[in-house]
Every structure is written in structure tokens, then in C-alpha cells.
2 protein chains.
Amino acid sequence: MTIGEVAERMNISISTIRFYDKEGLLLGLKRNKGGIRIFDQQDMEVLQLIECLKKSGMQIKDIKQFIKWCSLGDQTLQLRKEMFDKQKANIEQKIKELEHALSLIEYKCWYYQEALKDGNEKRVKQLTPEQMPSVIQEAYQQTHHLFVDKG
Amino acid sequence: MTIGEVAERMNISISTIRFYDKEGLLLGLKRNKGGIRIFDQQDMEVLQLIECLKKSGMQIKDIKQFIKWCSLGDQTLQLRKEMFDKQKANIEQKIKELEHALSLIEYKCWYYQEALKDGNEKRVKQLTPEQMPSVIQEAYQQTHHLFVDKG
DNA sequence: ACTTGACCTAAACTTAACTTTAGGTATTAC
DNA sequence: GTAATACCTAAAGTTAAGTTTAGGTCAAGT
């Protein structure tokens, strides 16, 4: 496959793929006699791995390091394991933070929904936790130290 | 409180706080006669809200927009609600992506742990899902289309 | 009086991850 | 044969979210 086909299939831009190649993330990528990149199934899989690791918050330079380690064989197994152990902890932490943020946002969604019923924030602002739906109450109790008077 | 005290308490750098102020995120922040910023409890709460929204992936310009809407009163309630509804969907999507990435990473952690027992990847590379621990099997089945031959 | 420390501003710099531009090659379509 | 396409490189530009720098004010301590 050519770069254009890969870009369309995977929904990544052509320039991004070339950028990854330049950065050394696509080790072993073949070219034809004219210098044009030819992608096979494995190259596609590397690209998918890159996208997944990026979504996990890993930086390009670390993905590059990992890919380089892969090419160096068994003596880098320990390093690769440590990298993933660390990344696992990173993701778990991120998920926790997002869940916490979600609590706040869910409270806010409910808050504004109530405020809109009245056209103003007076009533909802004065509600005590006991007067909130239990789902919101939980969100509120996790995050109410964050709430601003202004709403 | 002064900027230095706030920075230390909240573990944000002084320059970041000044940057937020310059960007208009700290509307209504007072100064003393010498021009020095004086923070009260409400300003701290706004800062906490900013940190939380940032962690949720919201951009500074959107946080700024929200804060501006707050200052415009009840006619912006609908807009504020829509912003949070949208942000709620964003976070839920992000959590899903992270959980998917976590599956891959958990598989990788297990993979390298097994590989290290042998000093190479030969055995672990050939295992079928039935031969994996069930937790890993689930992760594998969600993500095995991503795996590269090289490990 | 003078030095120190905490504050101030404006403006330049930084970093990551791309994207855009400018100029060139090679294959296919008419 | 020439025009349109899809590819190529190197280098400059972009954006977000800060950080750093340079130069200045002000209050407190010695």
C-alpha cells in the first residue's frame, strides 16, 4: 500500500505518517525503486500501536524508544517491561483524574438544568445535598470544595 | 493571600497563575494599592475549578469563555449548560479510549513478564488466548489486532 | 542608606506534535 | 507530448500552555 491509501484507511493525515517515519517510528518501512514508501500489514499494525500508545498519553520520543528497543532484541526485554509498567500506572492515574473531573461536570450539568427550569440560579444554589438526586449528591460530595459562588 | 502563598498551597507555579490572570481567567481578582494581587477564598476556588477543567481536557480559551458567561448572568445559563453537556461527552469518550489503551498495556506488561521468565519472546509469542490468564485474555481479545510481530 | 525578598510587566523563548510550503520526480490519462 | 496526480524532501510555520528573562517597584530588616 502507498501512504495515501494508509492515510485514508487509518484516518491519519499523510503528513503525520511521514512525520512518524522521519522520527524513526516506522523502522524497516520499505521503499520501491522510485523512493516511494510501501506499507505492508505489519507497518499498519505499528501505526495502530502508535495511535493507541499516543491516546494513552505516551510521548512520541518514548514510543520511539520502545520501537528501538524492540529492534535490539532480547537484551531490552526488561527495559520494555519497565516502560509498560510505568505507562500502566500513568493511565490508571489519568482515569482516576478524569473520573473525578466527570463528577464535577455531572454536577454542573445537573445544576444548569435545574437553573434553566427557573431561569436563574437562586433556587439551585441554595439546595443542600439532601435535596439533590442521589447520583448528583455523590458527585457533589466529591467535588463541592471546588464550587464557586458564581455557579 | 499573595500569589506566592497561593502558588505554594495549590502547587501551581507563580508564572502560571499570572498567565491565567492575563488570559482573563481570574475575573474580579483584587490588587492592593501597590498593584499586588490579593487572592481570597473565591479566587482559590476558581483556580481549583480551572485545574479540574483542565484535567478534563478543556482548553484555556473554553474555560475563559465559561468564566465570561458566568459574569454575564442568567442569560447565559443555556450556553453554560451546553458547554458542560458537551464536555461530559468528551470526558466519557476519553475514559473509554484510556480503558482501551489500558487493555493493550496490561497485555504488554504480562507479555514482557512472561518473556523475561524465559529470557526471550519465543514461548509467549506463540501462546493462544486459551493459554493466557483470563484477565489478560480479555485484554488480548480487545486489542490483538494491534499487535506487532516484533512484540 | 542599602540590601534582600517578594512582587510587578512586557516580551521573548520553549516544547510537542504536527502542518504547510516550495520545489522536485514519476506514473498514468488523454 | 503534455497535463494531472500522487508521491518525495527539507525547511519554515503553527498552536497551546506555559516559562524565562530583563528591568523595575516597594516594604522590611540591619
Side-chain angles (χ1 to χ4, degrees), chain A residues 1-26 28-40 43-44 46-68 83 87 90 94 97 101, chain B residues 1-26 28-40 43-44 46-68 83 87 90 94 97 101:
Chain A
M1 305 181 75
T2 65
I3 200 168
E5 291 164 329
V6 173
E8 184 165 8
R9 271 221 216 177
M10 310 216 14
N11 210 27
I12 314 178
S13 79
I14 291 180
S15 59
T16 299
I17 299 174
R18 287 205 271 248
F19 169 71
Y20 290 163
D21 187 21
K22 199 173 61 185
E23 291 294 297
L25 269 55
L26 302 174
L29 180 63
K30 299 285 187 297
R31 307 268 185 139
N32 70 12
K33 66 284 183 231
I36 286 173
R37 293 173 182 86
I38 305 299
F39 297 75
D40 61 19
D43 298 316
M44 298 272 289
V46 172
L47 275 170
Q48 296 221 45
L49 177 65
I50 292 169
E51 290 303 288
C52 186
L53 293 179
K54 257 195 343 180
K55 275 183 186 161
S56 87
M58 204 183 271
Q59 282 176 230
I60 297 278
K61 64 172 179 189
D62 294 325
I63 299 175
K64 177 182 179 173
Q65 179 64 271
F66 166 70
I67 285 172
K68 203 174 170 190
M83 161 171 273
Q87 192 57 18
N90 285 347
K94 278 198 169 201
E97 284 176 8
Chain B
M1 303 183 75
T2 66
I3 199 168
E5 291 164 328
V6 173
E8 185 166 7
R9 272 222 214 177
M10 311 218 12
N11 210 25
I12 314 178
S13 80
I14 291 181
S15 58
T16 300
I17 298 174
R18 287 207 269 248
F19 169 71
Y20 290 164
D21 187 20
K22 200 174 60 184
E23 290 294 298
L25 269 56
L26 302 174
L29 181 62
K30 299 286 188 298
R31 307 266 185 142
N32 70 11
K33 67 284 183 230
I36 287 175
R37 294 175 181 85
I38 304 298
F39 297 76
D40 61 18
D43 298 317
M44 298 272 289
V46 172
L47 276 170
Q48 295 220 46
L49 177 65
I50 292 169
E51 291 302 289
C52 186
L53 293 179
K54 258 196 343 180
K55 275 183 187 161
S56 87
M58 205 184 270
Q59 282 176 231
I60 297 278
K61 64 173 179 188
D62 294 325
I63 299 174
K64 176 181 177 173
Q65 178 63 269
F66 166 70
I67 286 171
K68 203 174 170 191
M83 161 171 275
Q87 192 57 18
N90 285 347
K94 277 198 172 203
E97 284 176 7

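In what follows, chains carry the letters A, B, and so on, assigned in the order in which the sequence lines appear, proteins first and then strands, with residues in each chain numbered from 1.
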message: Any salt bridge linking Glu51(B) with Lys54(B)? Criterion: basic side-chain nitrogen under 4.0 Å from a carboxylate oxygen.
response: yes

Rounded to whole Å, CZ of Phe19(A) lies from C1' of dA12(D) at a distance of 15 Å

From NZ of Lys64(B) across to C1' of dA17(D) the rounded distance in Å is 13 Å

Between Phe66(B) and Leu49(B), the two heavy atoms sitting closest are CE2-CD2, 3.9 Å

Correct closest heavy-atom pair for Val6(B) and Leu47(B) would be CG1-CD1, 3.6 Å

Q) Would you say a side-chain N or O of Lys54(B) is under 4.0 Å from OP1 or OP2 of dG18(D)? A) yes

Met10(A) and Gln48(A) have their tightest heavy-atom pair at CE-CG, 3.7 Å

Whichever of Ile38(B) and Met58(A) has the more 5' nearest nucleotide on DNA chain C, that residue is Ile38(B)

Arg31(A) atom CZ is separated from dC7(D) atom P, nearest whole Å, by 13 Å

note: Leu29(A), atom CG; dC8(D), atom C1'; distance rounded to Å ~ 13 Å

- Just by distance, with hydrogens left out, do Gln87(A) and Asn90(A) show a side-chain donor and acceptor under 3.5 Å apart? yes

Separation of dT20(D) atom C1' from Ile17(B) atom CD1, nearest Å, is 17 Å

Taken to the nearest whole Å, CZ/Phe39(A) to P/dC7(D) is 10 Å

For Gly34(A), which contact category applies under a 4.0 Å heavy-atom criterion: base, sugar-phosphate, or nothing?
nothing

Whole-Å distance, Ile14(B) CD1 to dT21(D) P, equals 15 Å

Contacts of Thr2(B) and Lys22(B) projected onto DNA chain C by closest heavy atom; the upstream (5') one is Thr2(B)

Q. Can you tell me if Glu8(A) uses its side chain to pair, donor with acceptor, with the backbone of Glu5(A) under 3.5 Å?
A. no

Quick one: label Thr16(A) by what it contacts on the DNA or RNA (base, sugar-phosphate, nothing), any heavy atom closer than 4.0 Å. sugar-phosphate

- Within less than 4.0 Å of OP1 or OP2 of dC7(D), is there a side-chain N or O belonging to Arg37(A)? no

By side-chain contact (heavy atoms from CB on, under 4.5 Å), Asn32(B) pairs with (sequence neighbours left out) Ile36(B), Ile38(B)

Outermost contacting nts on DNA chain C, any atom under 4.0 Å from chain B heavy atoms, listed 5' then 3', are dC7(C) to dT9(C)

Between CD of Glu23(B) and C1' of dA17(D) the distance, given in whole Å, is 9 Å

